[in-house]
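Below: one structure, written as structure tokens.
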Amino acid sequence: MIPMNLINTFILPAVVASLVWAGTAQARDIVNVYSARKEALIKPLLDEFSAATGIQVNLITGKADALLKRLQVEGSATPADLFITVDAGRLHRAKEAGMLKPVSIPALEQRIPEELRDSAGYWYGLTLRARPIIYAKDRVALDELSTYEALAKAQWKGRLCLRSSQSVYNQSLVAATIDALGPEATQVWMQGMVNNLAKAPSGGDTDQLKAVAAGVCDVTIANTYYLARLINSSKPADQAVASKLAVFWPNQKGVGAVGRGAHFNVSGAGFTKYGKHPEQAQALLEYLASAPAQAWYADINNEYPVVEGVPSSATLEGFGRYKMDPIALEILGQNNRQAVQLMDRAGWK
Amino acid sequence: MFRSHGLSIFAVLIAAFISLPVIVIVSYLMQANGELWQHLLDTVLNDYLINSLLLLLGVGMGVLILGVPTAWLTSMCSFPGRRWLSWALLLPLAMPAYIIAYTYAGLLDFAGPVQSWIRDLTGLSYGDYWFFEIRSLGGAIIMMSLVLYPYVYLMARAAFLEQSVSSIEVGCSLGYSRWQALWKLALPMARPAIIAGLSLALMETLADYGTVQYYGVSTFTTGIFRTFYGYGDTAAAAQLAASLLAFVILLVLLERYSRRRARYHSAAESRARADLIPLSGSKAIMACVICLSPLMFGFIIPATQLLFWAVFEAEPLGWDFVGLAWNSFSLAFLAAIIAVTLAIILSYAKRTKPIKPVRTVLAMAGFGYALPGTIIAIGVLIPLAWLDHRLIDIFGSLGWDSPGLLLSGSLVALLFAYTVRFLAVALGSVQSGLEKIKPSLDHVGRSMGHSPLDILRKIHVPLMRSSILTAVLIVFVDVLKELPATLILRPFNFNTMAVRAYELASDERLVDAAPASIMIVLVGLIPVLMLHASIARRRPH
């Protein structure tokens with residue numbers, strides 16, 4: 001019978017190999033990373049780190065919540081040392097789940113501003129990502145734009161595109177708004193925006209940008225690096241899209257919630273509670289906050305550095321300077337569940 | 001005597017182990033979660049249900065409309081191109097649903113080349129003209145029908161080919177026309193096969209997340225992920241997934257019902273060469289069009305677009321794609337062998353002793369097919385990690401170093417998940433193969449003193465060769481395309497082509513995802529073509 005031979009030739013060696021594989025992840029000079037950051041946007045840095053320090057980095061990428069679940073199920077036996085996400089809310093969720101441990105690193109506390117890291121050292125922000133309003137230059141007059149809240153006004157009827165509420169970036173935006181306006185006003189705001197939608201939410205941030213450029217709608221809310229990527233693209237079609245769009249920084253003027261500043265979020269990393277290579281993990285984290293690594297993120301993915309003094313990319317500078325909402329980022333995590341509930345109620349698909 | 005009971009017990013144990021992840025998920029129903037459920041009921045659950053039902057209905061009709069007529073035409077009629085169309089119609093099987101979805105979105109949405117061209121040509125702007133909105137429930141139905149119809153086509157065609165020609169001829173001699181013979185004889189006789197293909201397609205539809213999520217359609221499955229990712233609530237997500245199983249049980253009952261009181265082994269010992277119904281003129285053209293359309297829209301157009309992106313616009317693949325391709329290929333191969341071996345053991349146990357416990361666990365072992373890969377992955381992680389912790393305890397009590405996560409942290413978890421997820425496919429094909437073998441052969445074998453295992457090895461496996469091969473190849477293609485479970489369960493530094501394609505696509509670099517996508521399609525073509533060869537051998541042309 002065929003299968004028996006196959007078992008002997010293929011299956012057993014593969015199983016043995018994979019067991020050995022699992023075994024090597026326990027070896028000495030290594031650090032194991034669970035990362036919600038895509039491989040393309042972290043592997044090059046990890047390779048640099050390995051080349052510089054001789055510490056081998058093992059990587060699994062995936063969705064933050066799935067990786068967190070894996071951490072929880074693995075418990076004290078987890079091989080993971082560092083947990084990397086692209087959203088402060090998920091770092092907070094990991095902390096709440098008891099999967100992170102506080103580590104005080106004076107060097108990082110000096111370099112990374114207080115609001116961009118957990119106060120007790122459970123996690124540290126590594127890059128900043130802003131989520132402003134992006135509009136069609138030819139169809140929107142600058143004086144039409146003011147705040148996120150104003151996008152709920154009737155003047156935007158049929159002119160707004162939004163990404164789905166499944167997007168963690170939108171969930172965090174709403175979580176921050178709940179902090180600024182309270183849940184009732186936040187829901188009213190979202191209902192207004194849903195009424196103004198030109199089309200049902202679908203696709204990613206880039207799709208919203210393309211929709212604005214194609215005239216489906218006039219404004220949207222998107223992370224700046226998606227626009228920056230289109231601007232820097234070598235493809236004429238992408239450049240054509242980018243040429244029709246501009247960034248507006250909302251909530252810059254006024255006092256209180258109105259002038260709280262534009263929404264931003266961080267990608268960041270925390271130490272797992274049961275990590276077995278704390279020194280190596282700390283070395284890696286310090287490397288990710290170093291000037292070269294920070295500059296790499298600015299260059300490659302147009303994310304703002306968290307470290308003062310590291311220049312951001314020319315494209316980002318072109319978007320202008322802006323005031324950030326000074327909210328403590330862990331609030332994004334605390335409010336996430338409520339945000340999703342309100343989005344459900346407001347009918348934001 | 002003991003040996004035959006031994007087989008039953010062995011089968012029950014295997015099936016119970018395979019059902020473990022599903023049981024883990026269902027056991028979440030014990031946890032009360034009133035507040036969140038109330039909220040879901042008040043707000044979105046209705047939408048999820050309606051959209052899921054519409055999706056099932058639409059895809060069900062779609063795969064039947066695309067799959068059955070093409071199967072009939074290529075197996076019973078002769079028209080120009082029939083030979084190559086009969087294998088080319090399988091090609092969309094190699095195209096993952098999420099990949100065809102983003103390819104068509106890139107082609108047909110407002111910013112895509114087609115609509116841009118219309119706008120440039122006419123000077124109209126968006127909204128002045130009507131155009132099909134691809135990112136919609138209708139779009140999702142079309143996409144899934146285009147890549148899932150091969151399940152129906154495959155099963156229906158095999159059934160048409162294996163129908164003894166004599167029964168059709170008897171029908172004709174009794175005064176049926178050829179078309180009456182189709183409606184009154186061939187179709188009813190092929191019904192179990194068609195329903196089997198249909199229920200595979202529908203289970204795949206239920207499990208799909210990538211397509212509906214990208215097209216902005218809120219289904220039950222997107223709801224599961226919203227509770228998991230948005231609310232961070234695994235328990236509620238698992239509860240939703242467990243209720244998804246209600247749909248599945250419905251599908252299983254449907255399949256059962258379609259087979260009621262029927263025995264589908266053909267009485268004919270040898271099959272004579274069928275006379276194909278010759279089609280000419282407008283009928284031949286019609287037949288060509290009917291068979292070409294699914295191929296065109298399900299494979300040629302999207303594959304050409306992907307190829308165009310891959311060659312002219314995407315960042316070229318690095319050399320690491322060799323490693324990715326090898327990982328994908330070997331995993332898919334191993335998983336296919338494991339799943340089919342288990343399917344043979346289980347089906348055979350059921351055949352020798354069709355007692356209730358065997359039948360029940362066997363049905364449960366197939367449920368994994370309708371659950372989203374992510375949910376299966378959680379169901380796999382929990383018991384395997386538990387076992388790992390026990391192992392670590394044992395090692396510790398012996399004073400040895402901790403072995404780490406031997407099961408949940410290695411490829412074992414991944415292969416286990418694939419088996420759970422795709423065993424239904426293997427079971428379907430192997431069981432239908434077994435059913436065609438007359439029980440009298442078993443009786444003869446037993447009366448000659450052969451053990452059941454001997455009979456399996458010496459009589460059944462050789463007779464079922466093509467069913468077994470079909471099962472291996474379909475599981476292979478399914479694993480190749482599988483993404484969510486792979487994403488969660490893979491070990492360190494281990495990627496597949498599907499993971500690479502997903503990472504680039506979810507970073508909104510659809511064009512850069514094209515090379516990896518086209519690789520999946522190309523590797524998937526190998527088994528699809530082998531599949532054809534195996535069917536072609538069943539009947540001389």
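Quick note on labels: first sequence line is chain A, next is B, and so on, each numbered from 1.
Proximity to chain B among residues 224-235 of chain A is limited to A:Tyr226, A:Arg229, A:Lys235, judged by heavy-atom separations below 4.5 angstrom.
The candidate from A:Asn336, A:Val33, A:Thr61 with the greatest count of non-hydrogen atom pairs under 4.5 Å with chain B is A:Thr61. For chain A, the option among B:Ser218, B:Gly232, B:Ala105, B:Ala111 with the highest count of heavy-atom pairs below 4.5 Å is B:Gly232. For the options A:Gly203, A:Ala339, A:Ala97, heavy-atom pairs under 4.5 Å to chain B are most numerous at A:Gly203. Among B:Thr43, B:Ile378, B:Leu384, B:Ile468, the residue making the largest number of heavy-atom pairs under 4.5 Å with chain A is B:Thr43. Highest contact tally toward chain B, considering only A:Arg345, A:Gln166, A:Gln341, is held by A:Gln341 [criterion: heavy-atom pairs under 4.5 Å]. Among the candidates B:Leu381, B:Asp507, B:Val44, B:Leu487, the residue making the largest number of heavy-atom pairs closer than 4.5 Å to chain A is B:Asp507. Here B:Tyr214 is the residue among B:Tyr214, B:Tyr502, B:Trp386 with the most heavy-atom pairs under 4.5 Å with chain A.
Remark: A:Asp344 CG to B:Leu40 CG distance equals 6.5 Å, nearest 0.5 Å. To the nearest 0.5 Å, atom NZ of residue A:Lys199 and atom OH of residue B:Tyr126 are 8.0 Å apart. Taking NZ from A:Lys63 and CZ from B:Phe225, the interatomic distance works out to 7.0 Å, rounded to the nearest 0.5 Å. Residue A:Lys349 holds its NZ atom at 10.5 Å from OG1 of B:Thr222, rounded to the nearest 0.5 Å. How far CD of A:Glu74 is from CG of B:Asp388: 8.5 Å, rounded to the nearest 0.5 Å. Distance CG/B:Asn495 to CG/A:Leu59: 7.5 Å, rounded to 0.5 Å.
With respect to the salt-bridge test (charged N to carboxylate O, under 4.0 angstrom), the residues B:Arg490 and A:Glu39 do not qualify. Taking the charged nitrogens against the carboxylate oxygens, A:Asp207 and B:Arg135 do have a contact shorter than 4.0 Å, which makes a salt bridge. Residues A:Arg163 and B:Glu508 are paired through a salt bridge, judged by an N-O separation under 4.0 Å between the basic side chain and the carboxylate.
Closest approach of A:Ala214 to B:Arg119, counting heavy atoms only: CB-NH2, 3.8 Å. Contact detail for A:Val73 and B:Ala385: the closest heavy-atom pair is CG1-CB, 3.3 Å. Closest of all the heavy-atom pairs between B:Leu405 and A:Pro79 is CD1-CD, 3.5 Å. For A:Ala40 against B:Glu503, the heavy-atom pair with the smallest separation is N-OE1, 4.3 Å. In terms of heavy-atom proximity, B:Tyr229 sits nearest to A:Arg93 at O-NH1, 2.7 Å. Closest non-hydrogen pair, B:Gly230 versus A:Val340, comes out as O-CG2, 3.7 Å.
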Step-by-step side chain to side chain contact (heavy atoms under 4.5 Å, CB included) determination, B:Leu36 to A:Arg337: CA-CA 10 Å; B:Leu36 186 57; A:Arg337 192 179 166 106; 3.8 Å; yes
Side chain to side chain contact (heavy atoms under 4.5 Å, CB included) between B:Ser408 and A:Arg70, worked out: CA-CA 9 Å; B:Ser408 62; A:Arg70 186 164 169 174; over 6 Å; no
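For A:Ser164, no part sits under 4.5 Å from any heavy atom of chain B, backbone or side chain. Contact annotation for B:Val340: neither backbone nor side-chain heavy atoms come within less than 4.5 Å of a heavy atom of chain A. With a threshold of 4.5 angstrom between heavy atoms, B:Ile488 approaches chain A through its backbone and through its side chain. Only the backbone of B:Leu489 comes within contact range of chain A, with at least one heavy atom under 4.5 Å from a heavy atom of that chain. Looking at A:Ala211, the atoms closer than 4.5 Å to chain B (heavy atoms on both sides) sit in the backbone and in the side chain alike. Contact of B:Ser125 with chain A is not made at all, since no heavy-atom distance falls under 4.5 Å. Only the side chain of B:Glu35 comes within less than 4.5 Å of a heavy atom of chain A; its backbone N, CA, C and O stay farther away. At a 4.5 Å heavy-atom cutoff, A:Val168 makes no contact with chain B through either its backbone or its side chain. Of the two parts of A:Leu41, only the side chain, counted from C-beta on, holds a non-hydrogen atom closer than 4.5 Å to a non-hydrogen atom of chain B. For a residue to count as touching a neighbouring chain, one of its non-hydrogen atoms must lie under 4.5 Å from one of that chain's; by this rule B:Ser116 does not touch chain A.
Within 6.0 Å of CG in B:Asp401 there are 12 or fewer heavy atoms belonging to other residues, nucleotides or ligands. Around CG of B:Asn46, the count of heavy atoms belonging to other residues, nucleotides or ligands within 6.0 Å does not exceed 12.
No option in A:Ile30, A:Asn32, A:Val57 other than A:Asn32 meets the side chain to side chain contact (heavy atoms under 4.5 Å, CB included) test with B:Phe492.
Contact annotation: the side chain of A:Lys38 never approaches that of B:Leu504 to less than 4.5 Å [non-hydrogen atoms, C-beta and beyond].
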